[in-house]
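Notes for the one structure printed next.
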Amino acid sequence: MSYLEEFKVRINSRDFPRFYQLWEEYCTNDIVDVEELLQLLQMIKNSDMAKPFGKIAETALPLLDGVEDPKSRYQILKCVLDLQTTNSPLLADLATASLKERYGEHPLFNERLRLTGLRSRDNFQGAMTNHELLAHMETGNFVYHVGGWGTGEIMDISSLLEQAVIEFENVSGKKSINYVNAFKTLIPIQKDHFLARRFADADELEKEAKENPVEVIKLLLRDLGPKNAAEFKDELSELVIPEKEWAKWWQGARSKLKKDPLIETPENLKSPFSLRKKEISQQERLDKAISNKKDPEEMILTSYNFMRDLPNARKHEDITKIIQEKLLELLNHAELTKTWKLQILILLATLFNYEPSQKQSSMEIKNLKAEEIDPVINGIQIMALKKRALALIKEERQDWAEIFLSMLFTVQQSALRDYILTELNKGDTQQLLIKAIQSLIENPSTHPEFFVWLFQKALSNDAEIPFSDKQGKCQLFESFLILYSNIENKPEYRDLSKKIYSILSAKRYENVRHIIEGTSIEFIKEFLLLASKCQSLSDHDLKILKSLAEVVHPSLSQKAHLKALKHTDGHTIWTTESGYIKTQERLKQIATKEMLENAKEVEAARALGDLRENSEYKFACERRSRLQGEMKSLSELLNRARVITEDDIYPEEVSVGSIVDIKTPEGKITEYTILGPWDVNLDENILSFQSKLAQAMIGCKVKESFQFKDEEYTVENIKSFLDK
């Protein structure tokens with residue numbers, strides 16, 4: 001066990017006697033591993049061992065004699081000063097001398113010694129770190145606030161008042177922080193630091209991230225340490241890369257990261273990426289990748305990924321020879337399955353042009369029994385190899401069309417579905433494909449996932465497949481709604497049902513509008529009937545679908561109240577002026593008061609030590625997270641908010657801003673006011689336009705009726721709330 005690991009065990013178990021014994025042993029070493037010592041001192045600083053260790057921190061000084069590099073000596077001494085509590089003359093002399101060597105020429109050097117406690121020498125814990133912060137305190141430089149305010153830019157400095165004026169990313173307005181508080185909460189960061197660049201010029205960082213994603217990720221790893229995929233998204237999505245572009249950007253960036261010799265790529269999504277100290281050669285990467293890989297499945301996957309991610313490796317004969325020999329060895333594996341054998345042969349043929357395997361893979365395909373093909377092909381995990389196996393089936397087997405038709409409905413990858421569909425949609429096999437799809441249309445529940453994929457494929461304008469014309473789309477659409485009503489309440493199809501709803505409602509029902517445009521009134525009536533059987537479609541959804549149908553065939557309309565539907569677009573937050581001001585005040589209170597109070601709570605809790613067992617610190621951090629979340633949510637909502645004006649209220653129909661008299665089924669008249677969610681007051685019958693009752697009545701005119709919870713209500717009178 002290394003010293004670091006053993007120290008960690010002693011610290012975590014709070015075995016102080018054994019820790020001190022181990023520390024004494026460590027201090028007798030003649031050779032000092034600088035990086036190890038710095039990590040150890042930082043580990044102690046972040047633990048509940050920090051306070052008791054402060055009394056003996058000075059015992060680390062003899063280790064400095066074994067460190068030749070001046071920068072390393074400075075860093076070690078600084079860590080010792082951060083921990084020490086003895087404030088001995090020896091430490092004061094060493095710290096003063098080191099600082100003088102670095103900053104002695106500055107006109108404020110002696111004043112900074114006073115501010116950090118080195119002049120009086122009563123208490124100078126952290127003096128070197130604090131001196132560095134003071135030296136960094138210049139207009140235009142950046143700092144990081146450990147209490148939750150995030151990155152900040154120094155706007156002004158007052159040596160007389162001993163304070164800095166700083167603008168932070170997570171709080172509004174400029175903040176004045178005196179030096180005493182700065183020592184407790186601020187960390188200096190350079191202008192090229194990731195956080196500084198993200199705060200100072202996010203647009204420039206976004207441009208660089210799109211042009212060279214690997215360099216930006218290297219910058220992030222250098223400054224923030226190892227991060228996994230989810231943590232990358234937390235740091236980059238929206239702040240650097242827009243949320244809607246993230247998935248595509250990360251997919252491209254990840255493939256490039258695997259090829260970079262300075263980045264250590266994890267084997268699973270939850271593990272972190274890290275920055276290596278030096279580049280690793282392709283030979284070293286190969287040795288690491290294939291070491292201890294005895295299982296054929298692992299070796300196949302590793303070989304393929306290595307050659308895919310590092311295409312230049314094919315130019316190195318030594319590397320290709322090693323992989324080729326490993327794959328050939330696997331062909332003699334005692335438990336070799338037909339799936340593994342086929343993958344190995346295809347790999348040898350495609351990656352290395354190994355002629356014997358080209359013939360063997362063809363023979364392997366020919367010799368497969370009909371009932372073996374589906375499990376063998378579906379057992380192949382690598383999509384490129386699976387596609388090559390399908391191509392061999394088409395080349396080598398007479399019954400390929402029947403095999404393809406069977407697999408069309410069972411393969412999960414869209415790329416393979418596209419390939420099979422394209423091959424079947426040619427020549428003599430096209431009629432077989434049409435017949436199979438027609439059968440599926442008649443009973444879409446037999447293969448729900450494939451049917452939804454096919455429906456989306458037919459909707460794309462560039463699709464040249466059966467049933468992609470107007471008539472075919474209508475047929476598919478009717479079956480699509482039937483499928484929705486059949487599976488929407490089945491737990492195993494919960495995700496697919498959500499996808500179907502998304503296809504229907506996306507872009508304000510754009511797909512529905514395109515399909516029903518120009519269709520007959522009989523088709524429209526059938527479409528509305530099928531939609532009404534889908535329980536997952538709300539009354540509001542059905543109301544919109546009916547309005548779309550009435551646009552195509554106005555004769556279906558019994559009332560023309562389409563204008564007010566714009567109030568229910570799901571984006572605009574309607575509100576009164578008082579509701580807007582109230583929400584704005586809440587945001588201001590969080591940013592200017594509650595975040596500041598929370599920062600003090602975090603610092604007070606941090607001072608108690610042992611952050612792992614410190615419940616006050618955890619609660620303070622949780623509150624900070626809640627406040628930041630509420631602040632972000634309110635900011636987004638305020639950006640979408642719109643104060644209701646006279647022009648937004650329709651006097652002849654129920655809309656946002658209406659006061660409505662409603663007659664209940666019992667004949668009772670009840671007055672409701674329809675406003676935004678920030679103005680709701682149920683005691684005064686003030687409803688949000690988003691409520692189900694409001695949605696049911698929006699668009700109705702006087703004396704028109706509407707259904708709500710299987711009962712009929714009638715609008716008796718409408719007036720504007722601005723007339724009150």
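Hydrogens, waters and symmetry mates play no part in the numbers below; they use all other heavy atoms, side chains included. Given the structure is predicted, the values throughout are model-derived calculations rather than measurements.
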Next item on the list: Using atom types as modelled and distance alone, determine if a side-chain donor or acceptor of Gln628 lies under 3.5 Å from a backbone N or O of Gly148.
Entry: yes
Next item on the list: Determine the minimum heavy-atom distance between Leu239 and Ala202, stating which atoms define it.
Entry: O-CB, 3.6 Å
Check: Can you check whether Asp679 reaches Tyr580 side chain to side chain, under 4.5 Å on heavy atoms?
Finding: no
Checklist line | Exam field: side chain Ser502 to backbone Lys498, donor-acceptor pair closer than 3.5 Å | finding: no
Next item on the list: Please list, chain by chain and in numerical order, all residues satisfying side chain to side chain contact (heavy atoms under 4.5 Å, CB included) with Glu577, sequence neighbours excluded.
Entry: Ile581, Val643
Check: Are side-chain heavy atoms of Phe273 and Leu257 found at a separation under 4.5 Å?
Finding: yes
Check: Do you know which two heavy atoms are closest between Asn87 and Asn123, and how far apart they sit?
Finding: OD1-CA, 3.5 Å
Check: Parallel, tilted or perpendicular: which describes the rings of Trp249 and Trp246, with under 30° parallel and over 60° perpendicular?
Finding: tilted
Show me, pair by pair, the donor-acceptor contacts under 3.5 angstrom made by side chains of residues 36-44, not counting sequence neighbours?
unit_1, atom_1, unit_2, atom_2, d
Glu36, OE1, Tyr26, OH, 3.2
Gln39, NE2, Glu35, OE2, 3.2

Next item on the list: Indicate the atoms forming the closest heavy-atom contact of Pro188 with Val143, along with that distance.
Entry: CA-CG1, 4.3 Å
Checklist line | Whether over 12 other heavy atoms sit under 6.0 Å from Lys8 NZ | finding: no
Check: Side chains of Arg10 and Met49: does their closest heavy-atom pair fall under 4.5 Å?
Finding: no
Notebook entry, point to check: Parallel, tilted or perpendicular: which fits the ring planes of Trp250 and Phe232, with parallel below 30° and perpendicular above 60°?
Noted result: tilted
Next item on the list: Grab the two heavy atoms, one from Phe168 and one from His145, that are nearest each other, plus how far apart they are.
Entry: CE2-CB, 3.7 Å
Checklist line | Test salt bridge (charged side-chain N to carboxylate O under 4.0 Å, His left out) applied to Arg197 and Glu215, Glu208, Glu204, the passing residue | finding: Glu208
Check: Around Arg222, counting heavy atoms of other residues, nucleotides and ligands shown, do more than 12 lie under 6.0 Å from its CZ?
Finding: yes
Margin query: With a 3.5 Å distance limit and no angle check, can you tell me whether Asn141 reaches the backbone of His136 through a side-chain donor-acceptor pair?
Written below: yes
Notebook entry, point to check: What do you reckon, is NZ of Lys218 surrounded by more than 12 foreign heavy atoms closer than 6.0 Å?
Noted result: yes
Next item on the list: Test Leu687 against every option in Thr673, Leu675, Leu682, Val680 by the side chain to side chain contact (heavy atoms under 4.5 Å, CB included) rule and name the one that passes.
Entry: Leu682
Margin query: Check the orientation of His131 and Phe109. Use parallel for under 30°, tilted for 30 to 60°, and perpendicular for over 60°.
Written below: tilted
Next item on the list: Find out whether the Lys NZ or Arg CZ of Arg112 is both under 6.0 angstrom from the six-membered ring centre of Tyr103 and within 45° of the ring's axis.
Entry: no
Checklist line | salt bridge (charged side-chain N to carboxylate O under 4.0 Å, His left out) partners of residues 74-101, not counting sequence neighbours, each pair once | finding: Lys45-Asp82, Lys78-Glu132, Asp93-Arg121
